[in-house]
Visitor: 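Here it is, the structure, as structure tokens.
Numbered from 1 within each chain, the chains take letters A, B, ... in sequence-line order.
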2 protein chains.
Amino acid sequence: MVEVNQQLPEPVPETGLSIAEAARRTGVSTHTLRYYERAGLVVTPVDRTHGGRRRYREFDLEWITICTRLRATGMPIKGIRRYAELVAAGRGNEDERLDLLESHHDQVLAKIAELQENLKLIARKVDVYRGRLAAGDADQLWVPNRTPAAR
Amino acid sequence: MVEVNQQLPEPVPETGLSIAEAARRTGVSTHTLRYYERAGLVVTPVDRTHGGRRRYREFDLEWITICTRLRATGMPIKGIRRYAELVAAGRGNEDERLDLLESHHDQVLAKIAELQENLKLIARKVDVYRGRLAAGDADQLWVPNRTPAAR
DNA sequence: CTAAGTTTTAGAGCGTGGTCGAAGTCAACC
DNA sequence: GGTTGACTTCGACCACGCTCTAAAACTTAG
């Protein structure tokens, strides 16, 4: 469960943003921002000040946001790196990019379906407990003889 | 993504099942079955042969299945252990069990909602790629000037 | 100019959830 | 009784995705 930054975007100044500010806006820690860079998730190297400090542009924030959405839907770091590499490679691999995104999309749909399926059993058990507790019948729930529905 | 064992249940013989057979039926490796036991996920110790080997009953398989459903929906090992402890403690904590299950249930619903939300951006990008590829327009997708929608 | 606060790097460390290996025991069949 | 093969325990190991540390360099306010 992730804090999704849902406000109107504050404009990014010409000079770019410090890593701390970029972290605040994207909801990712500074540590993680640097880690993502090291891990090859970033398409274009982030600009630096003459002193070597990162300056994040609108552009970079948007890409990081894409990364966080892919992460939040369970794409592994490797998959995102692959996507970043394709984008970095430039024109000519758009079909591969589509494949990658489409297949991830389908996997997420499948994952959601699986969650919903498994949730059914849990919901059933919640109902059982709720029903019996309401009926003051709760001690029926733990039956030494192992009636499974109640466990 | 998990193989959900969706067949009619083969009956468990009086003598119980070997760990290998229990693994096959629950879709969990023997290593993991032992690990779950060590980790305190099992309410009642699994029966043993006189030689010390585990014999799994219907009962045990059902509990393991509950564990796998909880795992598949993202409940951490600690949470499942807590639930197992409550069940093992017997009568009198049914309200706590309900709390635990209910709160997990709600978390899963929230997780699904989050997945669906984040999936939207991915679906949009898939559509963009698909549209442009169909239009033979794909080289518009990587624009050096950084039009974000296309990346 | 100085002091305080940020950011830099490389690398180590951590939490989670298994997964595996070694050495020994048990069961089954010939 | 001997040989396979499955099973036992226990601790080590692994992949993943961060997360943190240390020491040095940069930036800014006063």
Visitor: Run through R97(A), E96(A), R91(A) and flag the one making a side chain to side chain donor-acceptor pair (under 3.5 Å) with N93(A).
Guide: R97(A)

Visitor: Please state how far atom CD1 in I80(A) lies from atom C1' in dC16(D), giving the value in whole angstrom units.
Guide: 13 Å

Visitor: I'd like to know whether R24(A) forms a salt bridge (charged side-chain N to carboxylate O under 4.0 Å, His left out) with E21(A), so could you lay out the CA-CA distance, the side-chain angles of the two residues, the decisive distance to 0.1 Å, and finally the verdict.
Guide: CA-CA 5 Å; R24(A) 196 187 62 74; E21(A) 185 57 19; 2.7 Å; yes

Visitor: Can you check whether V128(A) reaches R132(A) side chain to side chain, under 4.5 Å on heavy atoms?
Guide: yes

Visitor: With respect to the phosphate group of dG15(C), does any side-chain polar atom (N or O) of K78(B) fall under 4.0 Å of OP1 or OP2?
Guide: no

Visitor: So which nucleotide from dG17(C), dT19(D), dA27(C) ends up closest to the side chain of I77(B)?
Guide: dG17(C)

Visitor: Quickly work out the M75(B) CE to dG18(C) C1' distance and round it to whole Å.
Guide: 18 Å

Visitor: On the nucleotide dG17(C), are OP1 or OP2 found under 4.0 Å from the side-chain N or O atoms that T32(B) carries?
Guide: no

Visitor: Side chains of L33(A) and V46(A): does their closest heavy-atom pair fall under 4.5 Å?
Guide: no

Visitor: Select base, sugar-phosphate, or nothing to describe what A39(B) touches, counting heavy atoms under 4.0 Å on all strands.
Guide: nothing

Visitor: Would you say a side-chain N or O of Y36(A) is under 4.0 Å from OP1 or OP2 of dC18(D)?
Guide: yes

Visitor: Would you mind telling me which of dC18(D), dA27(C), dT27(D) lies closest to the side-chain atoms of R53(A)?
Guide: dT27(D)

Visitor: Identify each atom pair where a protein N or O and an N or O of nucleotides 9-14 of chain D are less than 3.5 Å apart, giving names and distance.
Guide:
{"residue": "dT9(D)", "atom": "OP1", "partner": "R48(B)", "partner atom": "NH1", "Å": "3.3"}
{"residue": "dT9(D)", "atom": "OP1", "partner": "R48(B)", "partner atom": "NH2", "Å": "3.2"}
{"residue": "dT9(D)", "atom": "OP2", "partner": "R54(B)", "partner atom": "NH1", "Å": "3.1"}
{"residue": "dT9(D)", "atom": "OP2", "partner": "R54(B)", "partner atom": "NH2", "Å": "2.8"}

Visitor: Just wondering, do I19(A) and R53(A) contact through their side chains at under 4.5 Å, heavy atoms?
Guide: no

Visitor: Rounded to whole angstrom units, what separation is found between the NE2 atom of H50(A) and the C1' atom of dT6(C)?
Guide: 14 Å

Visitor: Taking the side chain as C-beta and beyond, is there a heavy-atom pair between R48(A) and R54(A) under 4.5 Å?
Guide: yes

Visitor: Students often get this wrong, so: under 4.0 angstrom with heavy atoms, is T30(A) touching a base, only sugar-phosphate, or nothing?
Guide: nothing

Visitor: dG5(D) C1' sits how many Å from E21(B) CD, rounded?
Guide: 16 Å

Visitor: Does a side-chain heavy-atom distance below 4.5 Å link L121(A) with R124(A)?
Guide: yes

Visitor: Mind listing the N/O atom pairs, protein and nucleotides 28-30 of chain D, below 3.5 Å?
Guide:
none

Visitor: Write down the distance between NE2 (H31(A)) and P (dG13(C)), rounded to a whole number of angstrom.
Guide: 16 Å

Visitor: Which one of T15(A), D47(A), T44(A) satisfies the side chain to side chain donor-acceptor pair (under 3.5 Å) criterion with R57(A)?
Guide: D47(A)

Visitor: With respect to W63(A), which candidate in Y83(A), Y56(A), Y36(A) satisfies the ring pair (Phe, Tyr, Trp, His ring centres under 6.0 Å) definition?
Guide: Y83(A)

Visitor: Under 3.5 Å, is there a donor-acceptor pair between the side chain of E94(A) and the main chain of G92(A)?
Guide: yes

Visitor: Measure from CZ on R55(B) to C1' on dA27(C) and round the result to the nearest Å.
Guide: 11 Å

Visitor: To the nearest Å, give me how far apart OH (Y56(B)) and C1' (dA6(D)) are.
Guide: 14 Å

Visitor: Rounded off to whole Å, could you give me the OH-to-P distance for the Y35(A) and dG17(D) pair?
Guide: 6 Å

Visitor: Is any side-chain nitrogen or oxygen of T49(A) closer than 4.0 Å to OP1 or OP2 of dT27(D)?
Guide: yes

